[in-house]
Each structure stands twice: as C-alpha cells, then as structure tokens.
Amino acid sequence: MKVIIIGGVAGGATAAARLRRLDESAEIVIYERSGYISYANCGLPYYIGGEIEDRAELTLQTPRSFFARFNIVAKVNHEVTAIDTSAKRVTVKDLKSGAVFTDGYDKLIIATGAKPALFGIGGAHLKGVFTLRTVEDTLAIRDYIDCNGPRTAVIAGGGYIGIELAENLVRAGLKVTILQRPDQLLAPLDYDMACLVSSKLRREGVEVRFGASVQSFSRDEEGLKCNLSGGTAVACDIAVAALGVLPDSALAQNAGLKTGIKGAICINERMQTSAPDVYAVGDAVEITHFVTGKKSLISLAGPANKQGRIAADNICGIPTTFGGSQGSSVIKVFDMTVATTGINQKTAQSLGLDCEAVVLSPSSHAGYYPGARTMTMKVLFERRTYKLLGAQIVGYDGVDKRIDVLATAMRAGLKAYELTELDLAYAPPYSSAKDPVNMAGYMIENIKNGLVKQFSYADIAGLTTDDGAFLLDARTPAEYAAGHAKGFVNIPLDDLRSRIGEVPKAKRVYVMCHSGLRSYLACRILAQNGYTCYNFSGGYAFLRAVASGGGMPSEMFACGMEK
C-alpha cells in the first residue's frame with residue numbers, strides 16, 4: 001500500500017507516524033510546500049519575542065529524522081498542484097528546481113491546513129507587511145526586526161495570533177497597536193469576558209482600537225501606513241495582518257471534492273472525503289461541533305492531531321471515528337491566561353438555545369495560602385436540560401486546570417449542576433476545598449432549585465430607570481464609597497436584617513456585592529421575608545472590569561471608576 005500525504009505539521013505528520021506504527025510495510029510519502037515538515041505552529045510568536053531563543057526549537061522533525069525513525073519519505077519545498085482522483089495520481093512541483101512530476105497513490109490524505117485571510121486588503125506584499133502562519137513567516141518577521149530596528153507595530157486583527165504577537169512584539173521593544181473591526185477581541189469569548197482581555201492589554205501598554213476596519217497597507221516617503229475606512233491612517237514601522245484564517249482547500253476543490261463552510265473539505269466521521277480512498281484532516285476540513293451538532297470550522301492543533309490519527313486508523317482497517325470538537329483553547333496574554341471550551345452565550349442565542357450563565361470570581365487556591373489570585377469564570381448551560389454549553393475563564397494561576405475539568409465534564413455529558421459532584425484534588429497551594437468548578441456547580445444548582453434568580457451587567461442600564469426596581473448594594477460603606485454603580489443604595493449585608501424595612505416590598509430587588517456571594521446571602525434573607533429578589537452575576541468587581549475594558553460607559557458609575 002502506498003499512501004501520499006499532502007502537508008505535514010499537525011495533521012499530516014501525525015497521520016504519517018500513526019500509519020507507520022500500524023503498517024511497517026506501507027510506502028508513505030509526505031509532500032510539504034514549506035521548508036519544514038513538522039513544526040510548533042503555536043510557538044511561532046514566541047520566537048519573535050525571544051521567549052524561544054533557538055529557531056531550531058521550532059522544528060519538531062526534519063525529513064532526515066522522520067526517515068530515520070519512521071522510514072517515511074518527507075519531501076519539503078514540494079507543492080502538490082493537482083489531484084486526479086480517478087487515476088489516483090498527484091502532480092507535484094519541486095519549488096527549488098522547478099521540476100514537475102506525477103506520483104501515484106493507493107490512499108491519499110489531504111492536510112493542507114489553513115491560509116491567512118486577507119479579505120481583499122491591498123498592499124499585503126509590501127516591505128514590512130507580514131502574515132504569520134509558517135516558520136518562514138516567523139523567521140522573516142524576526143529578521144526584519146533585527147535588521148531594521150522598527151519602533152512601532154500595527155497588528156490588524158485581535159484573534160489568537162494577533163494577541164500573542166502583540167505580547168511578543170512588546171517584549172521585543174516595540175510600541176504596538178491592535179486594530180480590530182469588531183467591538184471585542186477573541187471571538188470565542190463573550191463581550192463581557194473579552195473586555196477583561198482588552199483591559200489587560202492596555203495596562204501592558206498595547207493600544208487597542210475597536211471599529212478600525214483596515215482597507216489597505218501603503219508605503220510612501222514617510223514610511224509604512226495602515227489605511228482605515230473613513231480615510232484615516234495609522235503610521236507604523238512594521239505591520240502584521242492577523243485577520244484570521246481560511247481553509248486552504250483550493251487543491252481539493254479543483255479535484256472536485258465536496259466542500260462546505262468557506263470552502264472547507266467535507267468529511268465523514270472517519271475523515272473520508274467525497275472521493276474514494278481520499279481522506280482529509282486538520283484546518284482544511286469542516287467538522288461537526290460537539291456541542292451544537294452543527295458543521296463548523298475549528299482551527300486548532302488538538303483536533304488536527306486526533307484527525308490525523310483517525311485517518312491513519314481507517315486506512316489500516318481500524319474503524320475509528322471522530323466525535324467532533326468543542327474548541328477547547330487557551331492563550332497567554334502577558335502574565336494572564338484566557339481559556340475557553342464549547343460555545344459562548346452569543347452563539348447559543350444565535351442558535352435559539354435558551355441559555356443562562358453563571359459568573360464567579362474565585363481564587364486560584366485557598367485564600368489564606370500566599371499567592372492566591374482571582375480568576376473570572378463564566379459557565380453556560382441550557383435552562384431546560386442543564387446541558388453544559390461552554391465555559392470561559394480569564395485569570396492567572398489554575399485557569400488551564402479548570403477549563404480542562406469543564407471540557408471533560410462537557411465531553412462526559414455531565415449536567416451543569418453535577419459539577420458539584422466532581423471529586424477534585426485539594427491542598428491549600430493548589431485549590432480550595434470547594435474548587436471553583438464545584439462552586440460553579442453550586443451556583444447552577446441553586447438556580448435549578450429556585451433559590452436564586454440572576455441579573456447581568458447588560459440589565460443595569462434599564463433598571464436604573466425602572467420604577468418597579470429597587471437597586472441594593474450589599475457591600476460595606478467603605479467599599480461603596482470607593483466606587484459603585486449609579487442608582488444602587490447601600491445597605492451592608494450584616495445590617496440588612498435590622499434595616500430590612502428600608503427595602504420596599506412592592507418592588508423587585510436587585511442586589512449587588514463585590515463578587516456575588518454577599519448579594520446571594522442578601523437575596524436569601526430577602527426571599528424568605530417575602531421579597532422578589534435578583535442576584536447580580538459576577539459582582540461589582542466583574543462589572544468594573546467589564547467597564548474598564550470598554551464594555552460600559554463610565555457615566556454609569558459613581559466615584560472610584562478608573563478611566
């Protein structure tokens with residue numbers, strides 16, 4: 001059996017190695033367009049910033065090491081230009097010599113990945129303008145910085161690559177501006193959680209501009225410019241287009257393979273395409289989202305590796321299937337960690353799902369043990385079924401641990417309130433006796449049992465003009481004086497029983513505190529005294545963080561609100 005694999009990196013290289021482990025006699029050939037067969041794609045920005053010092057560390061395997069260990073022929077700088085599925089042949093161009101030849105296969109795996117999306121932006125070819133997708137891109141950016149000493153950088157796009165680049169360009173000594181057309185960074189996050197990220201970037205000296213639609217790049221005697229809609233321009237010494245990626249599927253489309261979303265290759269659960277004996281894996285394929293059951297594009301290394309293994313299994317007669325991806329991801333933002341799994345609230349609502357979210361701000365470990373830091377968690381679930389839909393966490397220590405627990409709970413089909421039952425490891429340096437994931441479960445359980453109703457930051461503007469609402473801040477007088485949301489009356493929790501007569505019983509009561517705990521206790525007191533009460537999800541600390549990231553106007557706050 002001869003297997004040709006088009007593309008290396010995560011999906012293709014994984015498929016090749018798995019094939020060899022299953023079939024020692026198979027002839028396996030990889031054709032890779034770039035000069036590198038297997039590299040740490042996710043590590044590319046960190047070489048630019050110097051976090052990874054040796055460029056050799058980016059290369060996981062070379063053609064020589066791949067052949068020595070796996071007896072696999074890996075030809076770099078070789079581009080497959082056409083696939084003939086009837087004849088089972090591919091046309092290949094040697095990019096160094098220019099020679100063109102054909103090669104036959106019994107089985108074919110397409111792992112062409114994704115390509116940077118430019119959306120028609122002009123001037124992307126100019127000196128000093130880059131994209132970041134391959135090792136060559138990384139080396140070109142690093143060499144440009146080393147040789148030209150740029151002082152200012154513009155990044156068009158505020159996704160994963162854009163934010164990782166921003167941090168590493170700052171580390172390299174540049175003044176960085178992120179230009180983002182939407183009103184938030186990191187599309188997998190909800191707007192409120194994304195505000196925490198933009199606030200962090202600004203504190204680290206990165207300028208973040210929303211509503212900035214990049215039209216083109218240009219260069220004149222004054223230097224490089226990033227031109228925006230409306231006629232304005234941002235001058236810079238170096239620019240990177242990080243507007244996202246699209247499936248690199250032209251080869252498959254030209255071969256007549258069935259494609260779907262944004263031209264992605266359609267595959268079944270065994271990674272088979274519409275053509276016999278042709279498989280596809282990685283960022284070029286359309287997959288089924290584990291949470292929604294809908295077709296989706298998820299460009300992440302984890303799913304690509306799994307798909308490569310599954311394709312190899314099926315080629316070798318092992319009927320393995322891919323159960324879909326839920327998009328679990330994590331990103332470093334300076335010393336902050338941001339992680340997600342599943343879908344966000346915006347997506348759930350667009351799909352017509354009746355969802356609710358709990359927001360909490362637990363410590364990374366026991367508060368009495370030195371070094372505890374706060375994280376903000378948002379856990380989404382479907383109201384009727386209590387199916388876990390997704391989670392987002394922004395914080396420092398322990399974020400990756402909690403998102404992995406939540407991702408596992410989702411994959412296992414746990415109900416949201418069953419998070420209370422997870423038996424998680426505890427010692428003061430690592431967690432609390434009630435782990436943050438357990439705490440999210442307790443909050444959802446209280447909602448399920450009718451012990452609490454919630455309101456969110458998006459409701460506050462309407463409540464301040466609602467005659468039927470009484471707004472209560474249950475924090476201490478000192479906390480209230482340091483800053484509070486306008487319209488909220490301060491009655492500290494510990495005084496509430498003695499001052500309960502000050503709360504009008506005919507009105508709905510909306511309670512806020514610092515993190516949501518004291519306000520919940522206040523709601524329990526009020527509810528058992530005949531009041532209709534709602535607890536603010538996330539607390540004043542969350543509200544202030546959303547506002548500092550641009551999510552709320554400062555006019556909604558009375559004193560103590562940082563601009």
Side-chain angles (χ1 to χ4, degrees), residues 45-46 48-49 116-117 119 121 129-132 141 150-215 217 224-230 232-244 329-340 344 346 376 378 392-396 457 542-554 556-557 561-563:
Y46 299 99
I48 293 170
F119 302 110
I121 292 175
V129 181
F130 300 90
T131 56
L132 180 58
I141 295 172
R151 301 178 63 185
T152 59
V154 161
I155 299 172
Y160 290 103
I161 291 295
I163 289 176
E164 288 175 339
L165 262 175
E167 175 184 344
N168 283 281
L169 289 173
V170 168
R171 181 183 173 88
L174 281 73
K175 171 64 178 175
V176 178
T177 299
I178 295 177
L179 303 175
Q180 174 79 333
R181 183 174 62 181
D183 62 356
Q184 72 166 75
L185 303 171
L186 294 176
L189 296 179
D190 280 313
Y191 178 73
D192 49 3
M193 298 293 283
C195 284
L196 310 186
V197 180
S198 55
S199 177
K200 172 63 175 177
L201 286 167
R202 286 168 174 150
R203 292 197 303 272
E204 296 291 345
V206 177
E207 182 180 355
V208 182
R209 294 175 58 177
F210 295 115
S213 180
V214 178
Q215 301 297 301
F217 300 101
L224 189 61
K225 289 185 175 63
C226 184
N227 303 301
L228 309 180
S229 60
T232 59
V234 180
C236 59
D237 299 322
I238 184 174
V240 181
L243 301 163
S329 64
V330 64
I331 181 175
K332 175 178 177 291
V333 185
F334 293 90
D335 61 337
M336 177 183 275
T337 301
V338 181
T340 69
N344 60 24
K346 180 180 179 180
T376 301
K378 185 174 187 178
Q392 303 157 49
I393 311 178
V394 178
Y396 299 89
Y457 80 97
F542 178 63
L543 182 72
R544 186 178 62 187
V546 171
S548 66
M552 297 183 69
S554 58
M556 294 186 64
F557 294 85
M561 182 58 215
E562 299 85 359
K563 296 291 184 183

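In what follows, residues are counted from 1 in the order of the sequence shown.
Under the 4.5 Å side-chain criterion, counting only non-hydrogen atoms from C-beta, Leu185 is in contact with Leu201. Leu189 is listed as a side-chain neighbour of Thr340, based on a closest heavy-atom distance under 4.5 Å. When side chains are defined from C-beta on, Ile48 counts as touching Leu132, because their heavy atoms get closer than 4.5 Å. Side-chain atoms of Met336 and Glu204, non-hydrogen and from C-beta on, never get closer than 4.5 Å to each other. Between Phe334 and Lys200 there is a side-chain heavy-atom pair separated by less than 4.5 Å. Residues Ile163 and Val206 are not in side-chain contact: their nearest non-hydrogen atoms beyond the backbone lie 4.5 Å or more apart. Contact check for Val214 versus Phe119: no side-chain heavy atoms found under the 4.5 Å cut-off. Leu169 has its side chain within reach of Ile155: a pair of non-hydrogen atoms, C-beta onward, lies under 4.5 Å apart.
Scanning all heavy atoms of the two residues, the minimum distance from Val330 to Ala339 falls at CG2-CB, 3.9 Å. Annotation for Ile178 and Gly157: closest pair CG2-O, 3.7 Å, computed over non-hydrogen atoms. The shortest heavy-atom contact between Ala235 and Thr152 is O-OG1, 4.4 Å. When every heavy atom of Asp335 is checked against every heavy atom of Tyr396, the shortest pair comes out as O-CD2, 3.1 Å.
Remark: the backbone N or O of Glu207 is not paired with any side-chain donor or acceptor of Lys175 at under 3.5 angstrom. Side-chain atoms of Glu164 never come within 3.5 Å of backbone atoms of Pro45 as a donor-acceptor pair (strictly under, hydrogens ignored). Side chain of Asp183 to main chain of Phe210: no donor-acceptor pair is present (N/O by atom type, distance under 3.5 Å, no hydrogens or angles). Between the side chain of Asn227 and the backbone N or O of Gln215 there is no donor-acceptor pair closer than 3.5 Å. The closest donor-acceptor contact from the side chain of Asn344 to the backbone of Tyr191 lies at 3.5 Å or more, if one exists at all. Using modelled atom types, one side-chain atom of Gln184 and one backbone atom of Leu186 make a donor-acceptor pair closer than 3.5 Å.
Put simply, CG on Leu196 and CD1 on Ile393 are 12.5 Å apart, with the number rounded to the nearest 0.5 Å. Summarising the geometry, atom SG belonging to Cys236 is positioned 8.5 Å from atom CD1 belonging to Ile238; distances are rounded to the nearest 0.5 Å. The distance from atom CE of Met193 to atom OG of Ser198, rounded to the nearest 0.5 Å, is 12.0 Å. Here the CG atom belonging to Asp192 is positioned 10.5 Å from the CG atom belonging to Leu543, to the nearest 0.5 angstrom. With rounding to the nearest 0.5 Å, the separation of OG in Ser329 from CD in Gln392 is 9.5 Å. Taking CG of Asp237 as the reference point, atom CG of Leu174 lies at 7.5 Å (rounded to 0.5 Å).
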Chi angles and distances behind the side-chain contact (heavy atoms from CB on, under 4.5 Å) call for Val197, Ile331
CA-CA 11 Å; Val197 180; Ile331 181 175; over 6 Å; no
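Counting heavy atoms of neighbouring residues, nucleotides and ligands inside a 6.0 Å radius, atom CZ of Arg151 does not exceed 12 of them. Around CZ of Arg171, the count of heavy atoms belonging to other residues, nucleotides or ligands within 6.0 Å exceeds 12.
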